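Reading through the structure tokens given below for one structure.
Count residues from 1 along the sequence. In this text, all values refer to a predicted model and were calculated from it rather than measured experimentally.
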Amino acid sequence: VYTKATRVRGKLGNAVDFDGKTHNVKLPLGIGTTKAGTVALWMKTDAQHGDVANMFCTSTHAGSAGSGGETEVNLVLSNRGILSSCVAGVRISALKIDDGQWHHIASTWDEESGGTLYLDGQRVGNRPHNGPHFVWTGHVSLGKPGALRRCYNGALDEVRIYNRAITADEVKQLAAR
């Protein structure tokens with residue numbers, strides 16, 4: 001369900017553009033869990049975000065603010081343009097990427113190998129995944145968390161959600177497209 005988000009030319013065909021205010025895309029509830037999974041996407045922004053900006057957010061709470069708590073899975077940009085992934089309270093941060101170029105991001109997690117964040121096909125961080133387990137039942141969205149704040153201003157393309165942690169080679173194949 002699109003909420004005012006618009007389609008624009010993307011990295012691979014069309015992308016969805018978000019205005020940093022109200023634009024978002026709501027995804028079906030229950031499509032993932034924190035036991036194992038992957039969120040992979042292409043993103044592009046040169047906007048300066050005043051607060052954390054959620055590209056992808058899910059939570060057990062419908063009104064979640066997208067701050068990366070124990071009941072959330074998030075891909076966010078800080079107000080300084082730094083990429084972070086948060087899975088059940090475990091945060092991995094990477095590099096500044098608000099440069100107006102297309103970047104491929106993948107966040108994988110499972111109980112055995114922990115959480116891993118990839119940027120443009122390269123692993124940029126890994127941490128143990130020891131958070132609680134939950135199914136994404138409150139909300140799942142692109143462009144904003146459940147609450148109407150911390151919204152993303154930029155484009156997203158080729159968003160993929162897996163119920164397993166894809167391999168480093170699979171991430172490289174996605175990033176090479």
Side-chain angles (χ1 to χ4, degrees), residues 1-29 31-32 34 37-69 71-109 115 117-120 124-125 136 138-162 171 174-175:
V1 174
Y2 286 84
T3 306
K4 299 180 183 175
T6 56
R7 289 180 186 241
V8 296
R9 183 175 172 88
K11 171 72 177 174
L12 305 168
N14 289 326
V16 180
D17 191 52
F18 301 89
D19 69 353
K21 297 174 185 165
T22 59
H23 294 182
N24 67 91
V25 175
K26 293 181 182 177
L27 303 173
L29 296 177
I31 62 173
T34 57
T38 301
V39 175
L41 54 83
W42 286 94
M43 63 78 60
K44 178 181 177 181
T45 187
D46 59 4
Q48 297 297 309
H49 295 86
D51 194 354
V52 171
N54 284 266
M55 292 177 280
F56 173 84
C57 184
T58 184
S59 176
T60 57
H61 305 292
S64 163
S67 57
T71 60
E72 295 181 354
V73 174
N74 298 338
L75 278 175
V76 301
L77 287 179
S78 74
N79 60 353
R80 296 182 318 276
I82 306 294
L83 170 67
S84 290
S85 170
C86 188
V87 178
V90 177
R91 183 173 300 277
I92 303 170
S93 294
L95 307 169
K96 183 174 172 66
I97 60 169
D98 58 351
D99 58 6
Q101 302 298 312
W102 283 104
H103 293 283
H104 188 266
I105 300 167
S107 175
T108 67
W109 61 92
L117 181 60
Y118 297 87
L119 176 61
D120 296 328
V124 294
W136 304 350
H139 79 269
V140 183
S141 62
L142 302 173
K144 78 170 197 67
L148 188 55
R149 60 182 209 208
R150 296 185 168 138
C151 299
Y152 173 67
N153 185 352
L156 299 178
D157 196 4
E158 294 292 311
V159 177
R160 295 170 182 244
I161 301 170
Y162 299 85
V171 171
L174 292 174

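The OG atom of Ser107 sits 12.0 Å away from the CG atom of Leu119 when rounded to the nearest 0.5 Å. The CG atom of Asn54 sits 8.0 Å away from atom SG of Cys151, with the distance rounded to the nearest 0.5 Å. The line from NE2 of His139 to CG of Leu29 is 9.5 Å long, rounded to the nearest 0.5 Å. In this structure, CG on Leu75 lies 9.5 Å from CE on Met43, to the nearest 0.5 angstrom. Summarising the geometry, atom OG1 belonging to Thr58 is positioned 7.5 Å from atom CD1 belonging to Ile31; distances are rounded to the nearest 0.5 Å. With values rounded to the nearest 0.5 angstrom, Asp19 atom CG is found 9.5 Å from Asn24 atom CG.
Sorted by first and then second residue, the side-chain hydrogen bond (donor to acceptor under 3.5 Å, both in side chains) pairs involving residues 41-50 (not counting sequence neighbours) are Gln48-Asp98.
Here the shortest heavy-atom pairing between Val8 and Ala155 reads CG2-CB, 4.4 Å. Pairing each heavy atom of Pro28 with each of Val140, the nearest pair is O-CG2, 3.7 Å. The shortest heavy-atom contact between Leu117 and Ser85 is CD1-CB, 3.7 Å. Looking at every heavy atom in both residues, Cys57 comes nearest to Asn74 through SG-OD1, 3.1 Å.
Using a 4.5 Å heavy-atom cutoff, the side chains of Val25 and Phe18 are in contact. Using a 4.5 Å heavy-atom cutoff, the side chains of Phe56 and Ile161 are in contact. Side-chain contact between Asp157 and Trp102 is present, with at least one heavy-atom pair separated by less than 4.5 Å.
Side chain of Lys144 to main chain of Thr22: no donor-acceptor pair is present (N/O by atom type, distance under 3.5 Å, no hydrogens or angles).
When Leu142, Val159, Ile105 are each tested for a side-chain contact (heavy atoms from CB on, under 4.5 Å) with Met55, only one passes: Ile105.
Partners of Gln101 according to the side-chain hydrogen bond (donor to acceptor under 3.5 Å, both in side chains) rule, which considers only residues two or more places apart in sequence or in another chain, do not exist here. Take His23 and apply the ring-ring contact (aromatic ring centres under 6.0 Å, His included) test, not counting sequence neighbours, and it matches no residue.
No side-chain donor from either of Thr38 and Thr108 sits under 3.5 Å from a side-chain acceptor of the other.
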